[in-house]
Amino acid sequence: MSSVSGVSELSLGELPMESWMSHLPCALWDTPLYHLAIPGSHNAITYCLDMNDRSPVDLTQPDMLQKLDKYMKPLIRPFVYKWAITQEYTIKQQLDCGVRYCDLRIAHRPNDSSNDLYFYHGVYTTLTVEAVLMEIREWLDAHPREVVILSFSHFLGLSPELHMLLLTTIRNIFTSKLCPKTEVLTLRNLWALGCSVIVSYEHSIASCHSDLWPHIPYWWANKCKAEALIEAFEHRKQHGRPGGFFVTGINLTEDLKYICTHPTESLKDLVMSTYPTLLSWVKEQTPGSKVGSLNIIAGDFITESHFVPTVVALNEKLLKWSS
């Protein structure tokens, strides 16, 4: 951060990303977190997908793909992996890089007699949900003034009993770090309470539990070209932002036609080729409460291309307005 006086000289993108929240200027400590610009990780736990073919293709995939995978696995699996991996760094590395919103998609593997839960995207992960949440807890113990938003969603194969087991696991791991949904979501207040985990839960049981926040809306453009994604978001911004947390997902989505016409490419190739265009658009965005403002911005391969510092630096615009 520049030592030159005046908020216009602040460079929040140069803060140490592993602790950027605790280094924010005090002028932002009373700003609701849903008015800050927060970097997020789309499909955060795809760095540990099961590459040993033990995992079936997840049940959300088209029937045709499931059948092809069953009978032509050596041919099909390489394509699945190339387009299913959205993050290459571990959850602790992502947090070190400044990610503060994690998109967590939870599943119980079919024909699994245990109660173990996993993450999934195309196939299931090797790491269990409990193991990853323990890693997050360890990271938070070492970074007590950072706040992490964990969005549990896209539940696959979970019975009511497994939902309750997951909720018990969340509570046992994070204990007093969990933020009740009655609290004012500012850094100053959360620091005073010792709360550093906000759990969003995309299920009706969230309304019955004081430590589960409702599902966080995720703006998904469903486009495979950066220009089309930007156009879709610009149109959506005109209708105003939700009142609380919401995510703008700059993650591109490939369809079967795209994959078949780009047989040698991967999702990372697509993402890296479009990041310059996407980040140029991100730099023009503004956090806050006004129509057209953004909050959480999530992407794929978030440790690449200065994604996180670009999002964090948007909070300078809030300082300029308050000066």
Evaluate the side-chain proximity of His143 to Asp96: yes if any heavy-atom separation is below 4.5 Å, no if none is.
yes
Establish whether Val271 and Trp83 are linked, either directly or via other cluster members, by ILVMFWY side-chain heavy-atom contacts under 4.5 Å.
yes
Say whether, by atom type as modelled, one donor and one acceptor occur between the side chain of Asn295 and the main chain of Leu33 under 3.5 angstrom.
yes
Please report the shortest heavy-atom distance between Ile106 and Tyr120, naming the atom on each side.
O-CE2, 3.6 Å
Leu294 reachable from Leu319 in the ILVMFWY side-chain graph, under 4.5 Å edges:
yes
Below 30° counts as parallel, above 60° as perpendicular, anything between as tilted: where do the rings of Tyr275 and Phe307 land?
tilted
Are more than 12 heavy atoms from other residues, nucleotides or ligands located less than 6.0 Å from atom OH of Tyr218?
yes
Counting only heavy atoms from other residues, nucleotides and ligands, does the tally under 6.0 Å from CD of Glu18 exceed 12?
yes
Do Leu167 and Arg171 have side-chain heavy atoms sitting under 4.5 Å apart?
yes
Hydrophobic cluster membership, Met21 vs Ile216, 4.5 Å side-chain cutoff
yes
Gln285 to Leu314 - nearest heavy-atom pair and separation:
O-CD2, 3.3 Å
With a 4.5 Å limit on heavy-atom distance, are the side chains of Leu95 and Arg100 in contact?
yes
Identify the heavy atoms of Gly249 and Leu229 that sit nearest to each other, and give their distance.
O-CD1, 4.0 Å
Quick check: are there more than 12 heavy atoms from other residues, nucleotides or ligands sitting under 6.0 Å from NZ of Lys82?
yes
Surrounding NE2 of His239 (heavy atoms of other residues, nucleotides or ligands, distance under 6.0 Å), is the total greater than 12?
yes
Do Ile170 and Leu158 sit in the same hydrophobic cluster, where Ile, Leu, Val, Met, Phe, Trp and Tyr count as joined when their side-chain heavy atoms come under 4.5 Å apart?
yes
Between His108 and Leu162 the two heavy atoms that sit nearest each other are CG-CD1, 3.7 Å
Does Leu15 reach the side chain of Leu24, with side-chain heavy atoms less than 4.5 Å apart?
yes
Residue list, ring pair (Phe, Tyr, Trp, His ring centres under 6.0 Å) with Trp220, at least two apart or on another chain
none
In terms of hydrophobic clusters joined by side-chain contacts under 4.5 Å, are Met272 and Val282 together?
yes
Please tabulate, for the side chains in residues 177-184, all donor-acceptor contacts under 3.5 angstrom to protein atoms that are two or more places apart in sequence or on a different chain.
residue: Lys177; atom: NZ; partner: Asp141; partner atom: OD1; Å: 3.2
residue: Lys181; atom: NZ; partner: Ala206; partner atom: O; Å: 2.7
residue: Lys181; atom: NZ; partner: His209; partner atom: O; Å: 3.0
residue: Lys181; atom: NZ; partner: Leu212; partner atom: O; Å: 3.1
residue: Glu183; atom: OE1; partner: Asn189; partner atom: ND2; Å: 3.3

Report yes if the distance between the aromatic ring centroids of Tyr201 and His163 is under 6.0 Å, otherwise no.
yes
Do you know which two heavy atoms are closest between Leu140 and Glu146, and how far apart they sit?
CD2-O, 3.7 Å
Hey, which of Asp103, Thr125, Thr86 is the one that makes side-chain hydrogen bond (donor to acceptor under 3.5 Å, both in side chains) with Thr46?
Thr86
Honestly, is Arg241 close enough over Phe246, meaning NZ or CZ under 6.0 Å from the six-membered ring centre and within 45° of the axis?
no
